[in-house]
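Below, chains carry the letters A, B, ... as their sequence lines are ordered, and counting in each starts from 1. No experiment lies behind these values; they were computed from the predicted model shown.
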4 protein chains.
Amino acid sequence: MSSSSPQRRGNTRQRIQDVALELFAEQGYEKTSLREIAERLEVTKAALYYHFKTKEDIIISLFEDLTRPIDELIEWADEQPQPLTLEMKKEVLRRYSEAVAGCVPLFRFMQENQATMRELSIGETMKQRLFRLVGLVRTEDGPLVDQVRCVSALFTMHAGMMFLQHMDSDPEQTRQAALEVAMDLITQAHHEK
Amino acid sequence: MSSSSPQRRGNTRQRIQDVALELFAEQGYEKTSLREIAERLEVTKAALYYHFKTKEDIIISLFEDLTRPIDELIEWADEQPQPLTLEMKKEVLRRYSEAVAGCVPLFRFMQENQATMRELSIGETMKQRLFRLVGLVRTEDGPLVDQVRCVSALFTMHAGMMFLQHMDSDPEQTRQAALEVAMDLITQAHHEK
Amino acid sequence: MSSSSPQRRGNTRQRIQDVALELFAEQGYEKTSLREIAERLEVTKAALYYHFKTKEDIIISLFEDLTRPIDELIEWADEQPQPLTLEMKKEVLRRYSEAVAGCVPLFRFMQENQATMRELSIGETMKQRLFRLVGLVRTEDGPLVDQVRCVSALFTMHAGMMFLQHMDSDPEQTRQAALEVAMDLITQAHHEK
Amino acid sequence: MSSSSPQRRGNTRQRIQDVALELFAEQGYEKTSLREIAERLEVTKAALYYHFKTKEDIIISLFEDLTRPIDELIEWADEQPQPLTLEMKKEVLRRYSEAVAGCVPLFRFMQENQATMRELSIGETMKQRLFRLVGLVRTEDGPLVDQVRCVSALFTMHAGMMFLQHMDSDPEQTRQAALEVAMDLITQAHHEK
DNA sequence: CATGAATGAGACTTCATTCAT
DNA sequence: GATGAATGAAGTCTCATTCAT
């Protein structure tokens, strides 16, 4: 029962997702061929097609599985009294920072394959999610410079997450620093109102 | 000026660059085929090869031609007394903002094709340029949060440039707003030191 | 009869045949995949292989099960005194018309997939049957034009059967009309002798 | 100028069409792969794609090039006073017989790949042509049996053409015989009116 | 300056089939 | 009686690139 060949039970689907995400993030979606994924897993290309209908299906499944926390965050925020208070917005940022930290490779993929994302069906979905988040956080009728601050707050967290690779510092510390800057930005956007 | 069909002199090379940049920015580098470029120009693929050695050569030429102002900015900043004063850093940001505004499509391309950029020889070149800029602007030995602020300042300008498409406001105004936020960020990074 | 879900007893084999014939006739043999058949039946491909050795086996079984009446007709005609009288030939046509009417989809399949039939082992079998029928009906040593009449008689019945879909008239009436024309043709072939 | 490698000038497109028609007619459309066509021509698959956009494009081009005479016949018949007299209908049959004789392989292909034809864009085109021909020839308001006669007349000519392979007689003689039977059928359809 | 013709590599995808469970 | 997982072969098609003319 302890199986002869290692880690080959009912987890092939999962293994495909893991390898695919790794390669997609590393080389980009188009430059990663199914042959490559299959070879790395030591299965045939056809095996991939047993588990996923198309190449796009693989990435869709990754988004579906990994971005649920963000979905839930948005839902939660939507249910709060609108417009959000500054305190609430900070809470949103805090939770968002955590949610993004939970799927760094996916966000790295998104950021590095924006051109591709636009053609993928999932791209539209994600874009709308982001817009809703921006909508929740930004000061609707404030001056343009404050709107930019809010957008910048979100992007700072993304950037903070991505650049932990190129920074020599601890990922978690970088995340906290980025969150702090984001908080600052959003606070300023409120004060000046 | 006396030619029969307008704008078709010895400028084919230029026209190829224009169309290529447009398509690369719109669809991504890998998804844009030379056939597509050639068709849009109503020439044959072989004609492209008369002007450029390879596909990569086309994009390299674009970077070489369009990013000179940024190059010069860095050179200029390098010659100033180090480390830069806050006032100088602001001047760098100002100039950088203008330089980037001069080649928005190229930056859009870079941002949306990061995965590709990494494989392209030009990618490394650009990356180093950005790092030098960051190096010039950031407060070397300050706390992590200030370093993030400096990086964020640069990214805010990029983001500001890119999101002018999705914002309803005037591009130039957006640019100014982004520049302002960037200035703020960098100033804060200095104060707290 | 007391089963929970209707018509699902030990009749899976039958159900496979039904769906397969339907799809083969509609889309052609090669364009119909086992996946498609399995999906429509809500079973797995592997299940098909429990009931049939190969894809070709499915179509062979259909011919074996459905063309028995035609087989018997030929056997019966073979036992009559040769060469057949005009009256007997008419009887053969009448019976053939009925037999064909009993397996219209199969004939539609044959007519529309002749290229495929030639590669299928069953193709040769069916071809020989048809040749024997032609041999029974045609006026061996008559002029060429009469031979054509006899062949045409058989084909008219086939055509009559197939074109009932595209005609607005009642299938049974069309069949009778086709039979009548066929009778005429064969009668003429006899007279002129 | 007599060229070193035999028959390779500007005629590749033509050669592709020839080989393709031969193989399509012999093995069917789906069972004939582009690899097969390319190999027989001693070129690469990619070369086929230089001359034709898709596999379907190859067969479309064949129909366009070879069925022009039939097109012209229909146009000509349409310009005659309607409804056609018996004499005119006979003339149509005569010309049709000749036109079909000029592209026997194509008609063989059509007859043997009806299932495929239905999916091909060209299928609809050809079907409409045939319907217009039937419309020109058949006795609109006569009894059903006469309508069948008219349809049968056309099909007899097709059948006559196809079965020349399996008959031992001379193709041209068979064609004449089929034409004669078709004439008879159409004449009968008129008399009884 | 540019084209017409072709290539070789490789992409995604589908298929009939197998076999342990 | 049937499934889940996988395979190997083959399919259509696209791409960057080359070269004689």
Between E/dC12 atom P and A/I37 atom CD1, what is the distance in whole Å?
8 Å

What nucleotide, of F/dA5, E/dG4, F/dA16, holds the atom closest to the side chain of A/H51?
F/dA5

Taking the same atom, P, in F/dT21 and in E/dC1, what whole-Å distance lies between them?
22 Å

Do D/E39 and D/R35 meet the salt-bridge criterion of a basic N to acidic O distance under 4.0 Å?
yes

Find the distance C/L48:CG to E/dC19:P and express it as a whole number of Å.
17 Å

For F/dA16, does OP1 or OP2 lie under 4.0 Å from any side-chain N or O of B/T54?
no

Among F/dA16, F/dC13, E/dC12, which is the nearest nucleotide to the side chain of B/L34?
F/dA16

When you measure from the side chain of A/A46, which nucleotide among F/dA2, F/dG8, F/dC13 comes out closest?
F/dG8

For C/F52 and E/dA16, what is the distance between atoms CZ and C1' respectively, to the nearest whole Å?
16 Å

B/S33 side-chain proximity, nearest of F/dC13, F/dC15, F/dA6
F/dC15

Phosphate OP1/OP2 of F/dC15: any B/R35 side-chain N/O under 4.0 Å:
yes

Who pairs with F/dT3 - Watson-Crick or G-U, where each distance is under 3.5 Å
E/dA20

The answer to which of A/A47 and D/T32 contacts DNA chain F further toward the 5' end, by nearest nucleotide, is A/A47

Rounded to the nearest Å, what distance is computed from the CG atom of residue D/N11 to the P atom of nucleotide E/dG4?
17 Å

Write down the distance between CD (B/E30) and C1' (E/dC12), rounded to a whole number of angstrom.
16 Å

Distance in angstrom units between B/K55 NZ and E/dA9 P, rounded
20 Å

Shortest non-hydrogen contact from C/A25 toward C/R108:
O-NH2, 3.7 Å

Watson-Crick or G-U wobble partner of E/dA11, both distances under 3.5 Å:
F/dT12

OP1 or OP2 of F/dA6 sitting under 4.0 Å from any side-chain N/O of A/T12?
yes

Does B/Y49 have a side-chain nitrogen or oxygen under 4.0 Å from the phosphate oxygens OP1 or OP2 of F/dT17?
yes

Kindly point out which of E/dT18, F/dA16, E/dG8 is positioned nearest to the side chain of D/T44?
E/dG8

Of B/V43 and C/E56, the one whose nearest nucleotide on DNA chain E sits closer to the 5' end is B/V43

Taking atom types as they are modelled, is there a donor-acceptor pair under 3.5 Å from the base of F/dT3 to the side chain of C/K45?
no

Does some side-chain heavy atom of B/T116 sit less than 4.5 Å from a side-chain heavy atom of B/I59?
no

How many angstroms lie between CD in C/E112 and CD in D/Q111, if you round to the nearest 0.5 Å?
11.0 Å

Length of the CD-P vector between B/E36 and F/dA16, whole Å:
10 Å

Evaluate the side-chain proximity of B/Y49 to B/L34: yes if any heavy-atom separation is below 4.5 Å, no if none is.
yes

Taking the six-membered ring of D/Y29 (Phe, Tyr or Trp), confirm whether the NZ or CZ of D/K55 is under 6.0 Å from its centre and within 45° of its axis.
yes

Please determine, for the side chain of D/Y50, which listed nucleotide (E/dT14, E/dT7, E/dA5) has the closest atom?
E/dA5

May I have the distance from D/R15 (atom CZ) to E/dA5 (atom P), rounded to whole angstrom?
13 Å

